[in-house]
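For reference, the structure discussed in these notes is given below.
Computed over heavy atoms, backbone and side chain alike; hydrogens, waters and symmetry mates excluded.
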Amino acid sequence: MANFYKDNKALQYHLRHPLMEKIIAMKERDYTQSQEFDYAPVDYEDAIDSYDKILEITGEITAETIAPNAESVDKEGPHHANGRVDYASKTQENLDVTRKAGLYGVSMPRKYGGLNLPNVTFSMMSEMIAQADAGFQNVWSLQSCIDTLFEAGDEDQFQRYIPRVCAGETMSMDLTEPDAGSDLQSVMLKATQDEDGTWRLNGVKRFITNGDSDIHLVLARSEEGSKDGRGLSMFIYDKRNGGVTVRRIEDKMGIHGSPTCELVFKNAKAELCGSRRLGLIKYVMSLMNGARLGITAQSVGLCQAAYNEAIDYARSREQFGKAIITFPAVAEMLSNIKAKLDASRAILYETARFVDVYKIWEQIARERQLTPEERSEMKKYNRLADAFTPLSKASSSEYANQTAYDCIQIHGGSGFMRDYTCERLYRDARIMNIYEGTTQLQVVAAIRHVTTGTYLAQMNEYAEAQYSEEMASLKARIDKMMKAYEEAVEKVKSYENPDYITFHARRLVEMAAWTIMSYLLCYDASKAPELFKQSANVYVRYAESRLAANVKFINDFNPEDATIYEQA
C-alpha cells in the first residue's frame with residue numbers, strides 16, 4: 001500500500017531535526033503532561049514515535065483515499081443550493097475519513113480534545129494532504145483558525161469551540177470584501193450591538209475559502225464612524241445561529257474541492273473575539289501568518305505531486321527507442337524540479353520550527369511569568385518567524401507554479417489533456433502565489449528584514465554551522481552568494497531613497513531566499529547526502545546564476561533608469 005509519509009524519507013528526516021527536541025519538550029512542558037494524560041509522551045523518543053504513527057495514518061489516508069478521490073472532486077466540485085454549500089461527494093468522504101482518524105484539533109491542548117502537536121507536524125500533515133488534493137487541503141487546514149481563537153478568546157469560548165474543532169467541525173476566516181481585497185483597512189462589514197449587548201453582523205464578504213464552514217472568524221467594523229484598521233474587531237460567528245447565506249460559489253480555475261464563497265450577513269448573531277479595535281492590528285496578522293505557512297505547505301505538497309507525476313511519466317514514456325528520462329534536457333528539468341522541491345521543503349520546516357518556538361513561549365507566558373532569557377528567546381524566534389513566513393510563502397508558491405509548468409512540459413502534448421493529473425496540478429498551482437497575500441505583498445512584508453539585517457544575521461548563523469567535508473566547497477560558494485547579497489543591499493541603501501529600495505525590493509528578497517535555501521539544503525546534504533546531495537548541488541548552481549543576474553541589474557542601475565518602467 002502507498003503511504004505518503006512512509007514513502008517520503010525527506011519528511012522523516014525533517015521530523016528529526018535537532019531543534020525538534022527542544023520544541024517537543026516545550027510543547028509537552030518537559031513531559032509533565034504524561035502525569036495528567038496517560039497517552040501523552042514521557043520523553044522525546046516516545047513523542048517521536050507518537051508523531052510517526054499519526055503521520056503514518058495521514059500518509060495512508062492521503063495515498064489510499066484522498067489522492068484517488070481528487071479527480072472526481074475536481075470534476076464534480078461543490079454545489080450551491082438554498083443559500084448553502086454541499087461538498088462534492090468525494091470531498092465529504094475525505095472529511096468523514098479524516099474525522100474518523102482523528103486528524104483535527106491538531107495543535108490544540110489535550111484538555112480540549114486536541115492532539116497537542118507542534119506546527120512542524122501539522123505542516124507535514126498539511127503537505128501530504130495537499131500532495132493528494134490541494135483543494136481539500138484548504139478545507140482541512142483551515143482548522144488552524146482555532147489557533148487565533150485560542151490566542152485571543154477567553155476560557156468560556158475555548159470550552160465551547162475548541163472541542164468542536166477537535167471533533168472535526170470546519171472553520172473559515174472571513175476577511176475580504178468586494179471592495180476590500182488585500183486592503184483590509186477598507187473592510188466595511190458592520191458590527192453593531194443590541195441593547196442586551198449581543199453583536200450583530202451585516203454586510204457582504206467575498207472570496208471566502210470554505211465559506212459555509214461551521215465556525216467563522218469574521219473581521220468587521222465595530223467602531224461607528226471609523227475608516228481605518230483601528231475601527232476593526234474580530235468576531236466569532238457560529239453557523240448554528242443562522243443569519244449568513246451563501247450568495248454564490250465562485251467558478252474557479254482550480255482547487256475545485258475548496259468552495260470559495262460570497263457570503264451575505266443579515267443581523268447574524270456573533271460574539272467578540274479578544275479586544276475591540278485589535279481585529280486587523282493583531283488578530284488578522286496571526287490568522288494570515290498561519291494561513292501563509294499553510295500555503296507554503298500546500299505549495300510543497302503540490303511540488304511533490306508534480307515531481308512524482310513528471311518522473312513516473314519520464315521513466316515510462318519512450319521516444320526514439322529510449323525512455324525520455326535518458327534525454328539530457330528532460331533529466332535537467334527533473335533535477336531542477338527536485339531541487340526546488342527540496343529547497344521549498346527546507347525553508348517550510350525551518351519556518352515552522354521558528355513559529356513553534358515563539359508560539360509555545362507565548363502559551364507558556366499565559367501560564368507563568370517568563371524569565372528575561374526566555375522572553376529574549378521568544379522575541380528572537382518571533383522576529384525569525386515574521387521574517388521567514390513571507391519568504392517561504394513567496395518562494396514555495398512560485399516554485400509550485402514553475403514545477404507544475406515543467407511537469408506538463410515533460411508530458412508534452414499529453415500534459416495538456418485532462419486525462420493526466422498534471423493538468424489539474426497546473427490549474428491548482430496558479431492560485432498559490434495569489435491568495436493569502438500575493439508574492440508582491442510577501443515582498444512588501446519581507447523587505448524590512450532585508451534592510452534591518454534579519455536575513456543577513458541568520459545567513460551568518462548558517463555560515464557558522466557545521467558542514468561535512470564533502471559539502472565544504474559548495475558551502476564556500478554559498479558564502480560568496482551571501483557576500484554578494486550583502487553588497488547589493490548596501491548598494492541599494494546607499495541611494496538613501498526609499499523609492500529605490502521599493503524598486504529593488506523583489507530582487508533583494510529573492511536573493512535572500514536563494515541564499516538561505518542554499519544554506520539549508522547544504523546543511524541537509526551534510527547530514528543526509530543520500531537524500532539531498534544532488535539537490536543541493538543543482539540548487540546552488542541555479543541560485544548562483546539567478547543571484548548573479550540580480551546583482552548585475554542592481555550594479556548597472558542608474559536611478560534615472562527607473563522612469564522607463566513608469567506607465568503613462
Side-chain angles (χ1 to χ4, degrees), residues 8 10-11 14 123-124 126-128 130-131 134 137 254-255 292-311 332-352 388-410 415 421-422 424-443 445-446 481 506-507 509-522 524 531-532 534-547 549-550:
N8 192 329
L11 279 180
H14 283 290
S123 296
M124 290 180 175
S126 197
E127 178 193 327
M128 287 186 280
Q131 179 184 341
Q137 187 259 8
I255 55 168
R292 286 167 180 171
L293 188 62
I295 302 307
T296 303
Q298 184 183 59
S299 300
V300 174
L302 189 134
C303 284
Q304 181 69 63
Y307 175 69
N308 291 349
E309 291 295 323
I311 198 165
E332 182 182 11
M333 291 174 74
L334 287 166
S335 295
N336 282 326
I337 292 174
K338 183 63 162 58
K340 290 173 182 176
L341 163 62
D342 286 335
S344 296
R345 185 174 281 132
I347 199 169
L348 163 62
Y349 293 113
E350 183 78 332
T351 306
F388 271 59
T389 296
L391 202 69
S392 59
K393 197 273 184 185
S395 302
S396 299
S397 62
E398 291 292 337
Y399 286 165
N401 277 271
Q402 293 169 24
T403 56
Y405 180 99
D406 287 346
C407 179
I408 284 185
Q409 194 70 15
I410 287 169
T421 299
C422 61
R424 171 174 57 83
L425 297 178
Y426 186 70
R427 287 185 286 108
D428 286 351
R430 191 60 191 89
I431 190 61
M432 293 176 190
N433 56 359
I434 297 174
Y435 62 5
E436 311 307 348
T438 63
T439 298
Q440 290 69 34
L441 280 177
Q442 304 310 308
V443 169
M481 290 169 57
R506 179 183 59 81
R507 278 173 280 277
V509 170
E510 286 177 343
M511 291 165 71
W514 295 328
T515 307
I516 285 170
M517 286 190 282
S518 293
Y519 272 124
L520 292 172
L521 260 184
C522 189
D524 292 342
L531 296 178
F532 303 113
Q534 181 180 2
S535 284
N537 279 282
V538 170
Y539 189 80
V540 170
R541 186 179 298 276
Y542 164 83
E544 282 176 324
S545 63
R546 297 297 305 275
L547 187 139
N550 280 11

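Annotation: side-chain contact (heavy atoms from CB on, under 4.5 Å) contacts of Thr439 (sequence neighbours excluded): Ala394, Ser397, Glu398, Asn433. With sequence neighbours excluded, the residues forming a side chain to side chain donor-acceptor pair (under 3.5 Å) with Asp524 are Tyr13, listed by chain and number. For the side chain to side chain donor-acceptor pair (under 3.5 Å) test, residues two or more places apart in sequence or in another chain that qualify with Ser126 are Gln137.
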| message | Assess the residue pair Ile347 and Ser396 against the criterion (side-chain contact (heavy atoms from CB on, under 4.5 Å)); give the C-alpha distance rounded to whole Å, side-chain angles, the decisive distance to 0.1 Å, and a yes or no. | response | CA-CA 8 Å; Ile347 199 169; Ser396 299; 4.1 Å; yes
| task | Show your reasoning for whether side-chain contact (heavy atoms from CB on, under 4.5 Å) applies to Ile337 and Ile410. | result | CA-CA 11 Å; Ile337 292 174; Ile410 287 169; 4.1 Å; yes
| How far apart are the C-alpha atoms of Glu127 and Tyr349, what are their side-chain angles, what is the distance that settles it, and do they pass the side chain to side chain donor-acceptor pair (under 3.5 Å) test? | CA-CA 11 Å; Glu127 178 193 327; Tyr349 293 113; 2.6 Å; yes
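Classified by interplanar angle (parallel below 30°, tilted 30° to 60°, perpendicular above 60°), the ring pair Tyr542/Tyr399 is perpendicular.
The shortest distance between side-chain heavy atoms of Leu391 and Thr351 does not fall below 4.5 Å. Using a 4.5 Å heavy-atom cutoff, the side chains of Gln409 and Met333 are in contact. A 4.5 Å side-chain heavy-atom check between Cys522 and Val540 finds every atom pair outside the cut-off. The closest side-chain heavy-atom distance from Ile516 to Glu350 is not below 4.5 Å. Side-chain contact check for Asn550 versus Arg546: every heavy-atom pair is 4.5 Å or farther apart. Taking the side chain as every heavy atom from C-beta outward, Ile255 and Arg430 never approach each other to under 4.5 Å.
The shortest non-hydrogen separation linking Lys393 to Thr296 is CA-OG1, 3.2 Å. Arg292 approaches Gly437 most closely through the heavy-atom pair NH2-CA, 4.0 Å. For Cys407 against Cys422, the heavy-atom pair with the smallest separation is SG-CB, 3.5 Å. Summarising the geometry of Asp342 relative to Ser535, their closest heavy-atom pair is OD2-OG, 2.6 Å, with the distance given to 0.1 Å. Here the closest heavy-atom approach between residue Ala543 and residue Met481 is recorded as CB-CE, 3.6 Å. Between Leu547 and Trp514, the shortest heavy-atom contact is N-CZ3, 3.5 Å.
Of the N and O atoms on the side chains of Gln298 and Tyr435, at least one donor lies less than 3.5 Å from an acceptor on the other residue. Arg506 and Gln440 are not linked by any side-chain donor-acceptor pair at a separation below 3.5 angstrom, with hydrogens and angles left out of the test. Side chains of Asn308 and Gln304: a donor-acceptor N/O pair is present below 3.5 angstrom, by distance only.
Rounding to the nearest 0.5 Å places OG of Ser344 at 11.0 Å from CG of Leu520. The line from OG of Ser395 to CG of Leu348 is 11.5 Å long, rounded to the nearest 0.5 Å. From Asn537, atom CG reaches atom CZ of Arg541 across 7.5 Å, with rounding to the nearest 0.5 Å. Distance check: Thr421 OG1 to Asp428 CG gives 10.5 Å after rounding to the nearest 0.5 Å. Interatomic distance, His14 NE2 to Leu531 CG, rounded to the nearest 0.5 Å: 9.0 Å. Here CE of Met432 is found 4.5 Å from CG of Leu302. Values are rounded to the nearest 0.5 Å.
More than 12 non-hydrogen atoms from other residues, nucleotides or ligands lie less than 6.0 angstrom from OH of Tyr519. Surrounding CD of Gln534 are at most 12 heavy atoms belonging to other residues, nucleotides or ligands under 6.0 Å away.
No donor-acceptor distance shorter than 3.5 angstrom exists from the side chain of Lys340 to the backbone of Ala400, with no hydrogens or angles considered.
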